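For the numbers below, each heavy atom of this structure counts, side chains included, while hydrogens, waters and symmetry mates do not. Nothing here was measured: the structure is a model prediction, and the numbers come from that model. Along the sequence shown, the residues carry numbers beginning at 1.
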Amino acid sequence: MIYAKSADEILGMRQVCRIAVEVLSKVGKSIIPGITTKELENIAEKAIKSFGAKSAFLGYRGFPGIICTSVNEVVIHGIPSEQKLRHGDIIGIDVGIFYNGFYGDTAKTFKVATVSESVKKFLEVSELALSEAIKKCVAGSRIGDISAMIQETAEQNGYSVVRDFVGHGIGRELHEDPQIPNYGRAGVGTRIPENATLAIEVMLNQGSWQVRTLSDKWTVETSDNKLSAHFEHTVLIKKDGCEILTRIETPAG
């Protein structure tokens, strides 16, 4: 069942999502060649503490990181480490925050300095898939409308969508109903009520949609080692559209 939030709960969601945006922005501005993903995590930790908030990810089902740092072929759940970023890499930063009883979730894939034109296009299409999907986020629409738009945008441009992991409802729990796949058919699935809050997670691969999980039981990477991109917003569903609670105001990375 998709849970519609009360006015007080919506206020709580706006607050926690604002923190998530600020943390993601802080980390994004620090991405340069030579920095390690562990150093980026340290920046996130300091920012999260400054708000009196907590990481939603640290310890979640045993996850060891404060944020997720997914480099190049890593799709999601990259664990911060001593890995140094190189000129031309891409890195997905996923930030989950818990504050005052509510969860906020957002992600963006950043360029590390200058990337090739093909990589630039891949990221642009991935972000476009998210923005097009968000246009389908309106009270009365169906989950399949969102999923189909992500898949259509990706495949029209020659990319594939990750099928093993999904977006989700969010609120007092990090993962609530419904699941929101990156593929599907328009017009099918559960209707979305007004005042639902959803985390729309677009995960696109340059090559095959198939992925594998590494021996650390967390890191998910593409099966063909081609690039993957991850963009995510938490949105509030309204009668005539939606409010993006985690809109990022930083310049493109």
J.: Is there a side-chain contact between Leu24 and Phe110 (heavy atoms, below 4.5 Å)?
T.: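 A side-chain contact under 4.5 Å exists here.
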J.: Tell me, with the steps shown, if His230 and Glu201 meet side chain to side chain donor-acceptor pair (under 3.5 Å).
T.: CA-CA 7 Å; His230 182 201; Glu201 293 199 54; 2.7 Å; yes
J.: Rounded to the nearest 0.5 Å, what separates atom CG in Leu227 from atom CD1 in Ile90?
T.: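 Answer rounded to 0.5 Å: 4.5 Å.
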J.: Which heavy atom in Arg212 sits nearest to a heavy atom in Asn225, and how many Å separate them?
T.: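 The answer is NH2-OD1, 2.9 Å.
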J.: State whether the side chain of Thr37 and the backbone N or O of Thr69 hold a donor-acceptor pair below 3.5 Å, judged by distance alone.
T.: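 Not at all, since once roles are kept as given, no pair shorter than 3.5 Å links the two residues.
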J.: Checking Asp89 now: which residues fulfil salt bridge (Lys or Arg N to Asp or Glu O under 4.0 Å) with it, not counting sequence neighbours?
T.: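 Residues passing salt bridge (Lys or Arg N to Asp or Glu O under 4.0 Å) with Asp89: Arg86.
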J.: Has the side chain of Glu127 got a donor or acceptor atom that lies under 3.5 Å from a matching backbone atom of Glu124?
T.: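 No; zero donor-acceptor contacts below 3.5 Å.
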J.: Less than 6.0 Å separating the ring centroids of Tyr99 and Phe51?
T.: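 Not close enough - the centres of the two rings lie 6.0 Å or further apart.
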J.: State, with a plain yes or no, whether a side-chain heavy atom of Trp209 is found less than 4.5 Å away from one of Asn182.
T.: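 Side chain of Trp209 against side chain of Asn182, heavy atoms only: no contact under 4.5 Å found.
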J.: Show the numbers, then the answer: is there a side chain to side chain donor-acceptor pair (under 3.5 Å) between Ser228 and Asn205?
T.: CA-CA 4 Å; Ser228 186; Asn205 292 347; 2.7 Å; yes
J.: Checking the side chain of Asp177 only, and the main-chain atoms of Ile2 only, is there a donor and an acceptor separated by less than 3.5 Å?
T.: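 Not confirmed, Asp177 side chain does not pair with Ile2 backbone.
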J.: How far apart are the closest heavy atoms of Val161 and Ala154, and which atoms are they?
T.: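 For Val161 and Ala154, the tightest heavy-atom pair comes out as CG1-CB, 3.6 Å.
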J.: Are any of the side-chain heavy atoms of Glu232 and Asp94 separated by less than 4.5 Å?
T.: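 Yes, close enough: below the 4.5 Å cut-off.
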J.: Please say whether more than 12 non-hydrogen atoms of neighbouring residues, nucleotides or ligands are located less than 6.0 Å from NZ in Lys136.
T.: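 Counting other residues, nucleotides and ligands, NZ of Lys136 stays at 12 neighbours or fewer.
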J.: Looking at Thr246, Ile180, Asp105, which hits side-chain contact (heavy atoms from CB on, under 4.5 Å) with Ile200?
T.: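 Between Ile200 and the candidates, side-chain contact (heavy atoms from CB on, under 4.5 Å) is satisfied uniquely by Ile180.
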J.: Mind listing the closest non-hydrogen atom pair of Gly78 and Ser70 along with its distance?
T.: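 Distance-wise, the nearest heavy atoms are N-OG, 3.1 Å.
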J.: Looking at Glu45 and Lys38, is there a salt bridge between them, counting it only when a charged N and a carboxylate O are closer than 4.0 Å?
T.: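 Between Glu45 and Lys38 there is no salt bridge, as every charged N stays at least 4.0 Å from the carboxylate O atoms.
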J.: Using atom types as modelled and distance alone, determine if a side-chain donor or acceptor of Thr153 lies under 3.5 Å from a backbone N or O of Met149.
T.: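 Such a contact is found between Thr153 side chain and Met149 backbone.
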J.: Under a 4.0 Å N-O cut-off, is there an ion pair linking Glu22 with Arg18?
T.: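 Salt bridge between Glu22 and Arg18, a charged N being under 4.0 Å from a carboxylate O: yes.
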J.: Provide the closest heavy-atom pair for Ser118 versus Tyr159 in the form atom of the first, atom of the second, distance.
T.: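 In terms of heavy atoms, the two residues are closest at O-OH, 4.2 Å.
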J.: Taking NZ, NE, NH1 and NH2 as the nitrogens, is one of them in Lys135 or Glu132 under 4.0 Å from a carboxylate oxygen of the other?
T.: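 Looking at Glu132 together with Lys135, the answer is yes, because their closest N to O distance falls below 4.0 Å.
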J.: Membership question, hydrophobic clusters at under 4.5 Å side-chain separation (ILVMFWY): are Val125 and Val119 in the same one?
T.: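 Per the 4.5 Å side-chain linkage, Val119 and Val125 are co-clustered.
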J.: Quick check: do Ile32 and Leu85 have side-chain heavy atoms less than 4.5 Å from each other?
T.: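 The answer is no, as the side chains (C-beta and beyond) never meet within the 4.5 Å cut-off.
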J.: What closest approach, in Å, do Gly65 and Ser55 show between heavy atoms, and which atom pair accounts for it?
T.: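 That would be O-OG, 4.3 Å.
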J.: Please check if the side chain of Ser50 supplies one atom and the backbone of Ala47 the other of a donor-acceptor pair under 3.5 Å.
T.: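 Here the side-chain-to-backbone pair exists.
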J.: Quick one, Gln15 with Phe102, criterion side-chain contact (heavy atoms from CB on, under 4.5 Å). Give me CA distance, side-chain angles, the key distance, then yes/no.
T.: CA-CA 9 Å; Gln15 291 174 334; Phe102 295 93; over 6 Å; no
J.: Please tell me whether Tyr103 and His175 form a close aromatic pair, meaning their ring centres lie under 6.0 Å apart.
T.: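 So the answer is no for these two rings.
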J.: Would a single hydrophobic cluster contain both Val23 and Leu174, if residues Ile, Leu, Val, Met, Phe, Trp and Tyr are joined by side-chain heavy-atom contacts under 4.5 Å?
T.: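 Yes, because Leu174 and Val23 connect within a single hydrophobic cluster, where side-chain heavy atoms sit under 4.5 Å apart.
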J.: If you define the side chain from C-beta out and look only at heavy atoms, does anything of Glu176 sit under 4.5 Å from Glu173?
T.: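 Result yes, sub-4.5 Å side-chain heavy-atom pair found.
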J.: Roughly how far, to the nearest 0.5 Å, is CD of Glu221 from CG of Asn72?
T.: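 Output value for this atom pair is 10.5 Å.
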J.: Step by step, would you call Tyr3 with Glu9 a side chain to side chain donor-acceptor pair (under 3.5 Å)?
T.: CA-CA 11 Å; Tyr3 180 63; Glu9 288 172 326; 3.2 Å; yes
J.: Please round to the nearest 0.5 Å and tell me the distance separating atom CG of Leu204 and atom CD of Gln151.
T.: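 If we round to the nearest 0.5 Å, Leu204:CG and Gln151:CD are 10.0 Å apart.
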J.: Any ion pair linking Glu243 and Lys238 (charged N to carboxylate O, less than 4.0 Å)?
T.: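 Answer for the salt bridge query: yes.
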J.: Are there over 12 heavy-atom neighbours, none belonging to Arg163, within less than 6.0 Å of that residue's CZ?
T.: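 It does: Arg163 CZ has more than 12 such atoms within range.
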J.: What is the minimum heavy-atom distance between Gly207 and Ser160, and which atoms define it?
T.: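 Smallest heavy-atom distance, with atoms named: O-OG, 2.6 Å.
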J.: Using the rule that two of Ile, Leu, Val, Met, Phe, Trp, Tyr join whenever any of their side-chain heavy atoms come within less than 4.5 Å, decide whether Met203 and Ile91 are in one cluster.
T.: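 No, no single cluster joins them.
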J.: Should Ile150 and Val220 be regarded as members of a common hydrophobic cluster, given that ILVMFWY residues are connected when their side-chain heavy atoms come within less than 4.5 Å of each other, either directly or indirectly?
T.: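 They do not share one cluster, since no chain of ILVMFWY contacts under 4.5 Å joins Ile150 to Val220.
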J.: Can you tell me if Arg142 uses its side chain to pair, donor with acceptor, with the backbone of Thr190 under 3.5 Å?
T.: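 Looks like no, no N/O pair under 3.5 Å.
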J.: Do Leu40 and Ile93 have side chains that get closer than 4.5 Å, going by heavy atoms?
T.: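 Yes, their side chains come closer than 4.5 Å.
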J.: Can you check whether Val95's main-chain N or O pairs, donor with acceptor, with Thr106's side chain at less than 3.5 Å?
T.: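 No, the answer is negative, given that no donor and acceptor are paired below the 3.5 Å cut-off.
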J.: At what distance, to the nearest 0.5 angstrom, does OG1 of Thr234 lie from CD1 of Ile244?
T.: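 Reported value, rounded in 0.5 Å steps: 10.5 Å.
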J.: Test side-chain contact (heavy atoms from CB on, under 4.5 Å) on Val235 and Ile237 and set out the steps.
T.: CA-CA 6 Å; Val235 302; Ile237 303 298; 4.2 Å; yes
J.: Answer yes or no: is there a side-chain heavy-atom contact under 4.5 Å between Ser141 and Ile192?
T.: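 Yes, at least one pair of side-chain atoms sits under 4.5 Å.
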J.: Given side-chain contact (heavy atoms from CB on, under 4.5 Å), test Thr219 with His77 step by step and report yes or no.
T.: CA-CA 5 Å; Thr219 307; His77 302 164; 5.7 Å; no
J.: Nearest 0.5 Å, what's the NZ-OG distance between Lys121 and Ser126?
T.: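 Result: 11.0 Å between the selected atoms.
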J.: Could you give the distance from CD1 (Ile31) to CD1 (Ile43), rounded to the nearest 0.5 Å?
T.: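 Reported value, rounded in 0.5 Å steps: 9.0 Å.
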J.: Do Lys111 and Leu123 touch side chain to side chain, with heavy atoms closer than 4.5 Å?
T.: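 Answer yes - side chains close enough.
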J.: Should the heavy atoms of other residues, nucleotides or ligands under 6.0 Å from CD of Gln179 be counted, would the total exceed 12?
T.: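 Result for CD/Gln179: open.
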J.: In the single-linkage hydrophobic clustering (I, L, V, M, F, W, Y; side-chain heavy atoms under 4.5 Å), do Val162 and Phe122 co-cluster?
T.: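 They do not share one cluster, since no chain of ILVMFWY contacts under 4.5 Å joins Val162 to Phe122.
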J.: Assess whether a salt bridge exists between Lys226 and Glu73, defined as any Lys/Arg side-chain N lying under 4.0 Å from an Asp/Glu carboxylate O.
T.: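 Salt bridge absent between Lys226 and Glu73.
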J.: State which residues pass ring-ring contact (aromatic ring centres under 6.0 Å, His included) with Phe63; sequence neighbours excluded, sorted by chain then number.
T.: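 With sequence neighbours excluded, Phe63 shows a ring-ring contact (aromatic ring centres under 6.0 Å, His included) to Trp218, given in chain and number order.
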J.: Can you check side-chain contact (heavy atoms from CB on, under 4.5 Å) on Thr36 and Gln83, steps first, answer last?
T.: CA-CA 5 Å; Thr36 69; Gln83 179 182 10; over 6 Å; no
